[in-house]
Peer 1: 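Pasting in a structure now, in structure tokens, and then I'll have a few things to ask.
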Amino acid sequence: MSWAGKILRVNLTAGTVKSEPLNMGWAHDYLGSRGLGTKYLVEEVAATVDPLSEANKIIWATGPLTGTPASTGGRYTVITKGPLTGAIACSNSGGYWGAEFKMAGWDMVIFEGKSAKPVYLYVNDDVAELRDAAHLWGKSVWETEEIIKKGLQDPLTRVSSIGKAGENQVLFAAVVNDLHRAAGRSGVGAVMGSKNLKAIAVRGTKGVGNIRDPKAFMEAVKAGKKVLAENGVTGTGLPAMGTQVLMSVINEVGALPTRNHRDNQFEGAKDIGAEAMATPRKTDGKKHLVTNQACFGCTIACGRISKMDEGHFTIVNKPQYRGASGGLEYEAAWSLGAANGVNDLEALQYANLLCNEEGIDPISFGATVGAVMELYDMGVLTKEQIGIEANFGSAQALAFLAEETIYGRGFGKEIGQGSKRLTAKYGHPELSMSSKGQEFPAYDGRAIQGIGLAYATSNRGGCHLRGYTIASEVLGIPVKTDPLESEGKPDLVKAFQDATAAFDSSGLCIFTTFAWGLQDLSPQMQGACDERYTIEELAKIGERIWNMEREFNNRAGFTSKDDSLPARLTSVEGACKTGPAKGKFNELAKMLPKYYEVRGWDSEGRPTAATKARLGL
Amino acid sequence: MQKVLHINPDKCTGCMQCEMACSFENYGTFATAKSRIKVFEFHHTGKKVPYTCTQCDEAWCQHACPVEAITVDKATGAKVVNEATCVGCKVCTIACPFGTINYVVETGKVQKCDLCGGAPACAEACPTGAITFIDANWTGLGKMAQWADKLGNQPSAV
């Protein structure tokens with residue numbers, strides 16, 4: 001049973017760190033990571049708390065397969081009530097931190113209260129203590145990692161931390177580990193900052209050893225890796241081109257939201273996608289892309305490591321950005337690029353580096369800049385207010401606003417509140433391209449019906465990772481469905497949402513599901529943990545997790561009215577202007593009642609008593 | 001045929017499957033901290049490099065050992081630490097120019113790569129072919145083949 005069986009509970013107010021046994025009943029029913037961490041949160045935190053108050057808690061949770069050789073088994077999730085949305089926040093990260101924490105002998109750590117002064121948690125196997133972080137406060141993520149490792153004289157330490165954005169409680173601040181892997185969305189970094197918690201530094205030498213049936217597990221792991229290796233997406237496309245493989249594909253189907261969703265195709269898509277990254281630059285003859293990189297245990301290796309053009313205007317006299325570093329991934333390339341109409345690849349990577357360096361979510365940041373550029377275009381915001389001429393397409397404005405936002409200066413403070421608050425303040429709430437206050441990612445809900453429904457019903461607000469129907473609607477995985485057709489999508493969205501919750505909670509990466517289904521996860525979970533984890537049981541666990549999250553949101557005050565999309569996405573006035581989806585808008589009103597029905601919810605979007613009983617809630 | 005571990009850093013993605021396989025083989029647990037092969041990441045260049053013992057013919061560790069705890073496995077050519085003999089003096093860790101033999105606090109002995117008795121788990125686990133176990137006399141074969149391909153497939157001069 002590959003849980004460590006122990007959790008850490010840190011009371012930041014009292015300054016105490018205690019070990020307690022993992023609730024194994026909950027572990028069996030909610031697996032780990034997203035599901036189990038959320039179970040602890042909803043049991044311990046009132047849904048109505050102010051996310052940035054002392055009463056909120058924040059949890060780092062690994063899954064039963066984290067720290068094992070199951071492919072992609074290196075992930076952890078940060079769970080809290082999110083300040084951007086007021087809903088459940090649950091952000092997943094790769095890199096090496098999660099596995100290191102698990103190998104130290106812990107399944108999760110729960111932080112409660114608020115420290116009077118900046119602290120970080122140091123974990124070295126059984127030793128876990130709060131340490132003064134006065135010397136780290138005000139430092140970037142990159143500096144924090146370096147200072148901690150040097151101070152400990154231990155380069156093998158892994159660090160999960162916030163930069164200045166988290167300290168300043170930017171509402172979409174991220175938690176970053178291993179320099180450029182992030183629990184990126186929903187502002188989990190702001191909650192960390194609100195508690196004066198700078199970092200968790202971990203060294204784990206114990207390992208993960210209590211596999212239920214090592215032989216069966218290793219066989220299942222091997223079979224799973226073979227499926228990934230032989231699949232076109234996970235075996236070839238992602239390692240070679242990364243998630244950026246999607247840029248041209250999504251643009252061609254007319255689903256690349258452009259200029260704050262004014263358009264649905266971007267004329268500059270070819271300049272910011274995978275091909276552009278792999279083509280020698282005209283300026284210096286070098287390629288942007290240096291190599292790919294895996295997270296812990298991952299046999300896909302989709303990560304991008306790139307080097308900027310040293311002569312680019314953004315980094316003249318800034319040697320710290322000249323080395324190889326993470327990016328660009330598709331979501332960031334879209335949000336920093338197409339969403340603002342910017343086609344300068346180097347400028348996008350500069351903004352992306354700043355997001356990693358000080359810890360903000362590039363999706364919410366880029367999408368908020370898109371709204372600012374639209375307000376500027378309309379004359380609602382002026383150059384004097386913003387600090388720069390913010391025309392759509394301006395790489396200078398993007399770079400400037402990224403700096404202002406990460407350092408908490410000038411208009412950056414307003415961008416740091418996210419698009420919902422910013423557009424409302426200036427009288428145009430309809431221009432926030434978000435659901436439940438969280439900005440949409442890189443797929444157009446007008447041109448792809450299912451993903452629109454997935455955005456509207458996502459428990460953490462606008463998000464592609466809660467039900468990636470793109471797999472089916474665009475890529476044909478596991479079966480092709482018509483992106484323009486809303487019929488059948490409620491069932492599709494539910495199936496994706498439930499399966500995703502199970503994968504997320506196991507400790508594996510959702511990218512495996514380009515090739516794997518629950519039939520591939522099941523034998524690995526059975527070998528590692530318990531024979532009960534059949535395909536049916538995993539689907540049920542996923543559904544249970546989904547409903548648990550939903551109930552938390554309902555208690556927090558969300559209603560069916562919040563399962564919504566902006567009018568631009570659901571009205572004929574906002575319909576797609578070009579491409580195969582020309583004239584299309586999202587048919588949410590048609591899909592939502594049906595979705596509630598297949599979910600077993602009442603017309604207000606509340607799980608019925610029968611549904612809860614069926615799921616053991 | 002004697003075989004050796006052959007490492008091609010260009011193929012390494014940094015996934016740590018080799019480190020997990022090594023620790024599982026030797027300790028029955030997935031613990032990268034216990035691995036005898038280590039993957040090094042060089043952030044500023046993006047390079048990832050797996051590194052372990054090359055099994056020197058004239059092994060410094062073996063010569064330095066005062067109790068002859070390091071012997072040659074005749075079948076594999078591996079320099080193997082005999083834990084029953086090792087006294088944990090650590091002189092071998094000083095003698096090794098490459099740092100690939102290390103003391104283990106928990107056992108009070110040193111550990112190094114022993115080629116898993118002829119079937120290295122790291123090479124088996126590597127998903128990209130960055131670590132292979134090949135003919136000791138022909139570690140250059142892959143590179144030669146690449147160049148041969150390049151030359152042989154050029155348009156003829158005539």
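Every heavy atom of this structure was used, including side-chain atoms; hydrogens, water molecules and symmetry mates were not. In what follows, every chain begins at residue 1, and chains take the letters A, B, ... in the order their sequences are listed.
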Peer 1: So what's closer than 4.5 Å to chain A heavy atoms on B/Glu41: side chain, backbone, both or neither?
Peer 2: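 For B/Glu41, the contact with chain A is made by the side chain alone.
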
Peer 1: Test side-chain contact (heavy atoms from CB on, under 4.5 Å) on A/Phe296 and B/Thr32; report intermediate values, then the result.
Peer 2: CA-CA 10 Å; A/Phe296 184 95; B/Thr32 50; 3.7 Å; yes

Peer 1: Please determine, among A/Val221, A/Thr72, A/Thr205, A/Ile305, the option with the most heavy-atom pairs under 4.5 Å with chain B.
Peer 2: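 Greatest number of close heavy-atom pairs with chain B: A/Thr205.
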
Peer 1: So with a 6.0 Å cut-off around CD of B/Glu106, is the heavy-atom count from everything else above 12?
Peer 2: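 Yes, enclosed.
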
Peer 1: Please report the shortest heavy-atom distance between A/Ala324 and B/Gly46, naming the atom on each side.
Peer 2: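 Scanning both residues completely, I find the closest heavy atoms to be CB-N, 3.7 Å.
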
Peer 1: In terms of heavy-atom pairs under 4.5 Å with chain B, which of A/His180, A/Arg203, A/Met218 leads?
Peer 2: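 That would be A/Met218.
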
Peer 1: Is atom NZ of A/Lys318 surrounded by more than 12 heavy atoms (other residues, nucleotides or ligands) closer than 6.0 Å?
Peer 2: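 Buried by this count: over 12 neighbours within 6.0 Å.
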
Peer 1: Report yes if the side chains of A/Lys222 and B/Glu124 come closer than 4.5 Å at any heavy-atom pair, otherwise no.
Peer 2: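 Heavy-atom side-chain distance check passes, below 4.5 Å.
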
Peer 1: Can you see which heavy atom on B/Ala33 is nearest to which on A/Gly204, and at what distance?
Peer 2: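 Closest approach of B/Ala33 to A/Gly204: CB-O, 3.9 Å.
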
Peer 1: Between B/Thr13, B/Val39, B/Asp10, which shows the greatest number of heavy-atom pairs under 4.5 Å with chain A?
Peer 2: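 It is B/Thr13.
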
Peer 1: List the atom of A/Cys298, the atom of B/Cys15, and the distance in Å for their closest heavy-atom pair.
Peer 2: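 Closest pair (atom of A/Cys298, atom of B/Cys15, distance): O-CB, 3.0 Å.
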
Peer 1: Just checking B/Asp149: does its CG atom have more than 12 heavy atoms from other residues, nucleotides or ligands closer to it than 6.0 angstrom?
Peer 2: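 Above 12, so yes.
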
Peer 1: Tell me, side chain or backbone of A/Leu228 under 4.5 Å from chain B's heavy atoms, or both, or neither?
Peer 2: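 No part of A/Leu228 comes within 4.5 Å of chain B.
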
Peer 1: Counting heavy atoms not belonging to A/Glu143, are there more than 12 under 6.0 Å from its CD?
Peer 2: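 It does: A/Glu143 CD has more than 12 such atoms within range.
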
Peer 1: Give, for atom OG1 of A/Thr68 and atom CE of B/Met20, the distance between the pair rounded to the nearest 0.5 Å.
Peer 2: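 Taking OG1 in A/Thr68 and CE in B/Met20, the distance rounds to 6.5 Å.
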
Peer 1: Taking all non-hydrogen atoms of both residues into account, name the closest pair between A/Thr291 and B/Lys48 and its distance.
Peer 2: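 A/Thr291 and B/Lys48 have their closest heavy atoms at CG2-NZ, 3.4 Å.
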
Peer 1: Of the backbone (N, CA, C, O) and the side chain (C-beta and beyond), which part of A/Lys102 lies under 4.5 Å from a heavy atom of chain B, both, or neither?
Peer 2: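 Neither; nothing under 4.5 Å.
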
Peer 1: Need one label for A/Val208: side chain, backbone, both or neither, based on atoms under 4.5 Å from any heavy atom in chain B.
Peer 2: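 Looking at A/Val208, backbone and side chain both touch chain B.
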
Peer 1: Measuring heavy-atom distances to chain B, does A/Ile300 have an atom under 4.5 Å in its side chain, in its backbone, in both, or in neither?
Peer 2: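 No part of A/Ile300 comes within 4.5 Å of chain B.
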
Peer 1: Tell me, side chain or backbone of B/Thr45 under 4.5 Å from chain A's heavy atoms, or both, or neither?
Peer 2: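 Backbone only.
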
Peer 1: Side chains of A/Arg322 and B/His44: does their closest heavy-atom pair fall under 4.5 Å?
Peer 2: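 No, too far: nothing below the 4.5 Å cut-off.
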
Peer 1: Which heavy atom of A/Pro214 sits nearest a heavy atom of B/Phe24, and at what distance?
Peer 2: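 Looking at all heavy atoms of both residues, the shortest contact is CB-CZ, 4.0 Å.
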
Peer 1: Does any backbone or side-chain atom of A/Lys206 lie under 4.5 Å from a heavy atom of chain B? Answer side chain, backbone, both or neither.
Peer 2: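 The backbone, not the side chain.
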
Peer 1: Return the option, out of B/Gly14, B/Gly28, B/Ala21, with the maximum number of heavy-atom pairs under 4.5 Å with chain A.
Peer 2: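 Looking at each of B/Gly14, B/Gly28, B/Ala21 in turn, B/Gly14 comes out on top.
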
Peer 1: For a quick test of reading the model, state the closest non-hydrogen atom pair linking A/Thr299 to B/Gln17 and the distance between them.
Peer 2: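 Scanning both residues completely, I find the closest heavy atoms to be CG2-NE2, 4.1 Å.
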
Peer 1: Specify which of A/Gly209, A/Gly297, A/Ser306 makes the most heavy-atom pairs with chain B at under 4.5 Å.
Peer 2: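 Answer, by heavy-atom pair count under 4.5 Å with chain B: A/Gly297.
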
Peer 1: Would you give the length of the straight line joining atom CG of A/Asn210 to atom OG1 of B/Thr29, rounded to the nearest 0.5 angstrom?
Peer 2: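 It comes to 8.0 Å.
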
Peer 1: For the residue pair B/Phe30 and A/Ser2, establish whether any side-chain heavy-atom pair is separated by less than 4.5 Å.
Peer 2: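 Contact flag for B/Phe30/A/Ser2 side chains = no.
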
Peer 1: Heavy-atom count check: over 12 atoms from other residues, nucleotides or ligands less than 6.0 Å from B/Lys109 NZ?
Peer 2: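 More than 12 within 6.0 Å, yes.
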
